[in-house]
Amino acid sequence: MKHLLSFEDVTTDELKALLDNAIALKKAHRAGQDPKTLKDKVVALVFEKSSTRTRVSFETGIYHLGGQAVVVTSSGSQIARGEPTEDTARVMGRYCDMIMVRTFGQEVVEKYAKYAGVPIINGLTDLVHPCQLLADLMTLKEHGLDLATMAVAWIGDGNNMANSWIESAGHLGFKLTLAVPEGYEPDAAILARARARGNKQINIVHSPKEAAKEADVVTTDVWASMGQEAEKAKRAQDFKGFIVDEELLKVAKSGVKVLHCLPAHRGEEIAASVIESHPEIFDEAENRLHAQKQLMIWLMENR
Ligand code: CP
């Protein structure tokens, strides 16, 4: 049985096929030809953190594929009461055919995978956000970038998104330069594994301009992720100068693509004018739907 807890769960060929098939599925959807892979199937969506895009895109995608979504939030369930994940997972696995989990620790999705007996999708943990990267990579491919040779600049926190970018670079071989403030470096083990796959072009720097120089893609995320609200003021100080604005984009390649997983804090990590002049950010948000539909089809095929 396959899961998607991180990009460690896919081979490079499987990742490439997921992206190609997601693009084909988007076309099929627009032609009114969605496969009904989830007919008579139920997918549970567990949210221990808030969401707009993940929740709506999964619920919509499950509907397109003929299935039924059941949303479980921690506050309205026994999760907040402290029921052990091992028990929640075993019970939900007896009702449902697949489970998506958005939570804090990576160990939680690992427990679901160990105990539920059905495919598990990581809908964001503190460590990685693979569903978002499927959409991001799909968007860049649709916009004509070569995922093997492009140069990507990550500007900001070495957070779950940065870690998933590193995993992606490990698989696909593109140049990835991450500009992070000192003390906000991405996960060292993920970085080592990506480099061990043979990509010698993944580098950490502390200057946004150095990262963005000649980049094909510039991407960022909020300075304080969910669960880090208490650090907001300190982070605002530490991340000064790490804004993606027109000034920074001047050093990137002409026609640079800008991505942001959203929601954004306009005027903090990204200028409002950059969001408004880079509609690919909304293609990226839309592609959560198509990429995750393809992911669910692939997981059903590999049960
Ligand atoms: N990008 C993302 O995961 O958005 P949500 O938090 O709205 O799901």
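Fair warning: this is a prediction, and the values are worked out from it, not measured in the lab. As the structure lists them, so they are numbered: ligands from 1, and atoms in each ligand from 1.
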Does His129 come within less than 4.0 Å of ligand 1, judged by its heavy atoms?
yes
List every atom of ligand 1 that sits less than 4.0 Å from any heavy atom of Thr52, numbering the atoms from 1 in the order shown and giving each element.
5 (P), 7 (O), 8 (O)
Going by the order shown, which atoms of ligand 1 are within less than 4.0 Å of some heavy atom of Cys261?
1 (N)
Examine ligand 1 and decide if any of its atoms is less than 4.0 Å from a heavy atom belonging to Lys49.
no
Can Leu124 be said to touch ligand 1, with heavy atoms closer than 4.0 Å?
no
Please list, in number order, the atoms of ligand 1 under 4.0 Å from a heavy atom of Arg102.
2 (C), 3 (O), 5 (P), 6 (O), 8 (O)
Can any side-chain N or O of Gln106 pair as donor or acceptor with the backbone N or O of Leu5 at less than 3.5 Å?
yes
Do His171 and Glu167 get their side chains close enough for a donor-acceptor pair, meaning under 3.5 Å?
no
Would you say ligand 1 has an N or O under 3.5 Å from any N or O of Arg55?
no
Taking Glu284 first and then Lys141, would you say they form a salt bridge - that is, a charged N and a carboxylate O separated by under 4.0 Å?
no
Can you report which non-hydrogen protein atom sits closest to atom 4 (O) of ligand 1, along with the distance?
Arg53 NE, 2.9 Å
His278 and Lys257: side-chain donor and acceptor closer than 3.5 Å?
no
Has the side chain of Asp97 got a donor or acceptor atom that lies under 3.5 Å from a matching backbone atom of Val118?
no
Quick check on contacts: which atoms of ligand 1 are under 4.0 angstrom from a heavy atom of Arg288?
1 (N), 2 (C), 3 (O)
With atoms numbered from 1 as shown, which atoms in ligand 1 lie under 4.0 angstrom from a non-hydrogen atom of Leu262?
1 (N), 2 (C), 4 (O)
Do Glu280 and Thr139 have side-chain N/O donor and acceptor atoms under 3.5 Å apart?
no
Glu142 and Asn287: side-chain donor and acceptor closer than 3.5 Å?
yes
